[in-house]
Asker: 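Pasting in a structure now, in structure tokens, and then I'll have a few things to ask.
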Amino acid sequence: MEKRHAVVTATGSYFPPKVISNSFFEGYLDTTDEWIKTRTGISERHYVEKGVASSDLALEASKILLKKRGIGPEEIDAIVFGTVTPDMMYPSSACLLQDKLGAKNAYGFDVSAGCCGFVFSYTTGVMLVESGRYDKVLVIGADVCTSFLDMNDRNTCVLFGDGAGAVLLEPAGPDEGMLDTIQHVDGSGGKYLYMAGGGSLNPTSAETVAKNLHTVHQEGREVFKHAVTKMADVAVEIVEKNGFSLEDVDLFVPHQANIRIIESVAKRMKLPREKVMININKFGNTTAATIPSCLDQAVESGRLKKGDLVVIASFGAGFTWGSALIRW
Ligand code: UT7
């Protein structure tokens, strides 16, 4: 019997309405619109209002997805929710979303994989469908990055935004859907990008808050270096390993952390700009939401069509990195 594949049958994305432009930071930090644009490619990003959590953003993206697919929430069998900003320690955001969406027949769980939250969740979702046990798997990438930002740290606060993306996976034939995936972890890179507070090592206390352990710590230059080489290597590897040439790739959808990382990776892959999906200018780095929101926007704008050969790739905290080769 031929192996069952999993294909994306619908996409959705959602960004909260409040838009924050670079001039907001110029008002109180030693930074400029020029620095942010040229060093990161970001012009604006979206922020939630107080009280809006990752599951709320995911809910909106999921509702859009379900409407496009024309099915009800009770048809979903499983929810795989990639995030580094779950609503709370537990229950998982997958459980919270399951309730809010009314997906009463779905089980689900969160995937914590830094900026690879979507790539790892998507590949996990694919395997659930490939196993033959589940027919409709909702994969989410959603983050409220503002929940971990130190708004006085110019090295990090200008980079991130809030948002959510969702894809629905369903059974497909052998030539469609995810053709292959490569995923990596190197835990020795953990010291370069982390949020140390609020977990079992440093439970929240007046002391952890005073030490700012509840906000992101990033050694940007070190992360940058690894991101460029590892993301490019894993994207090239997956194409060549499967007997394709880089010219066969119709669309490359990389994690959106920095336009200079994206451009360096695209250059290493010898891909022209029109084959690279970019939305960092309007949304910043939304962690797990970057790739699914790009996929949704690519579908909606007609840049991504059935039958296209797509490569997704990401690099993030952990270190985590990975790619997937998809026949859309
Ligand atoms: O998504 C998860 C993975 N994350 C990433 O992939 C992020 C990877 N890293 C990056 O994107 C970049 O390293 C950053 C955007 C974070 C920083 O850009 P950079 O070109 O690597 O800058 P840098 O950290 O080397 O800093 C250069 C200078 C420093 O000043 P000095 O020490 O040379 O005087 C920084 O203090 O730029 C300064 N700087 C800023 N200046 C104005 C840092 N942030 C700002 C800012 N405005 N917002």
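Indexing begins at 1, ligand by ligand and atom by atom, following the structure's order.
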Asker: Quick check on contacts: which atoms of ligand 1 are under 4.0 angstrom from a heavy atom of A257?
Answerer: 1 (O), 5 (C), 6 (O)

Asker: Where does the angle between the aromatic ring planes of F25 and Y28 fall among parallel (under 30°), tilted (30 to 60°) and perpendicular (over 60°)?
Answerer: tilted

Asker: Need the ligand 1 atom indices (1-based, order shown) with element for anything under 4.0 Å from a heavy-atom of I261.
Answerer: 6 (O), 8 (C)

Asker: As a check for students: among H255, R39, E34, M231, identify the option with a heavy atom nearest to atom 20 (O) of ligand 1.
Answerer: R39

Asker: Verify the cluster assignment for Y192 and M195: are they in a single hydrophobic cluster under the rule of side-chain heavy atoms below 4.5 Å apart?
Answerer: yes

Asker: Considering only non-hydrogen protein atoms, determine which one is nearest to atom 19 (P) of ligand 1 and report residue, atom name and distance to 0.1 Å.
Answerer: R260 NH2, 3.6 Å

Asker: Any nitrogen or oxygen of N285, side chain or backbone, less than 3.5 Å from one on ligand 1?
Answerer: yes

Asker: Heavy atoms of the protein only: does one fall short of 4.0 Å from atom 2 (C) of ligand 1?
Answerer: yes

Asker: Sub-3.5 Å donor-acceptor pair from the side chain of Q256 to the main-chain atoms of T290, do we have one?
Answerer: no

Asker: Select the closest option to atom 17 (C) of ligand 1 among F25, W35, W321, judged by heavy-atom distance.
Answerer: W35

Asker: Atom 9 (N) of ligand 1: which protein heavy atom is closest, and how many Å away?
Answerer: G220 O, 3.0 Å

Asker: Tell me the protein heavy atom at minimum distance from atom 12 (C) of ligand 1, and give that distance in Å.
Answerer: N258 ND2, 3.8 Å

Asker: Check whether any N or O atom of F160, backbone or side chain, sits under 3.5 Å from an N or O atom of ligand 1, and answer yes or no.
Answerer: no

Asker: Please report which non-hydrogen protein atom sits nearest to atom 43 (C) of ligand 1, along with the residue it belongs to and the distance in Å to one decimal place.
Answerer: N155 OD1, 3.1 Å

Asker: Is a donor on one side and an acceptor on the other found under 3.5 Å between the side chain of T123 and the backbone of V119?
Answerer: yes

Asker: Please state which protein non-hydrogen atom is closest to atom 38 (C) of ligand 1 and give its distance, to 0.1 Å?
Answerer: R154 NH2, 3.6 Å

Asker: Please collect all side chain to side chain donor-acceptor pair (under 3.5 Å) contacts where either partner lies in residues 98-114, sequence neighbours excluded, each pair once.
Answerer: S55-K100, D56-K100

Asker: Under the side chain to side chain donor-acceptor pair (under 3.5 Å) criterion, do T215 and D150 qualify, and how do the steps go?
Answerer: CA-CA 6 Å; T215 63; D150 174 352; 4.6 Å; no

Asker: Of K306, R327, K3, which meets salt bridge (Lys or Arg N to Asp or Glu O under 4.0 Å) against E176?
Answerer: K306

Asker: Among all protein non-hydrogen atoms, which one is nearest to atom 4 (N) of ligand 1, and what is the separation to 0.1 Å?
Answerer: Q218 OE1, 3.0 Å

Asker: Please, which pairs that meet salt bridge (charged side-chain N to carboxylate O under 4.0 Å, His left out) have at least one residue in residues 238-255, sequence neighbours excluded?
Answerer: D180-K241

Asker: Identify the protein heavy atom lying closest to atom 47 (N) of ligand 1, giving its residue, its atom name and the separation to 0.1 Å.
Answerer: T31 OG1, 2.6 Å

Asker: Does an N or O anywhere in T40 fall below 3.5 Å from an N or O of ligand 1?
Answerer: no

Asker: Testing R45, E34, E44 for side-chain hydrogen bond (donor to acceptor under 3.5 Å, both in side chains) with N22, which one passes?
Answerer: R45

Asker: May I ask whether atom 32 (O) of ligand 1 is less than 4.0 Å from at least one protein heavy atom?
Answerer: no

Asker: Quick one: does any side-chain atom of S23 pair with a main-chain N or O of E26 as donor and acceptor, under 3.5 Å?
Answerer: no

Asker: Do V167 and I291 share a hydrophobic cluster, counting only Ile, Leu, Val, Met, Phe, Trp and Tyr and linking them when any side-chain heavy atoms are less than 4.5 Å apart?
Answerer: yes

Asker: For atom 21 (O) of ligand 1, what is the closest protein heavy atom, and at what distance to 0.1 Å?
Answerer: R221 CG, 3.9 Å

Asker: Show me which atoms of ligand 1 lie under 4.0 Å from any heavy atom of C115.
Answerer: 1 (O), 2 (C)

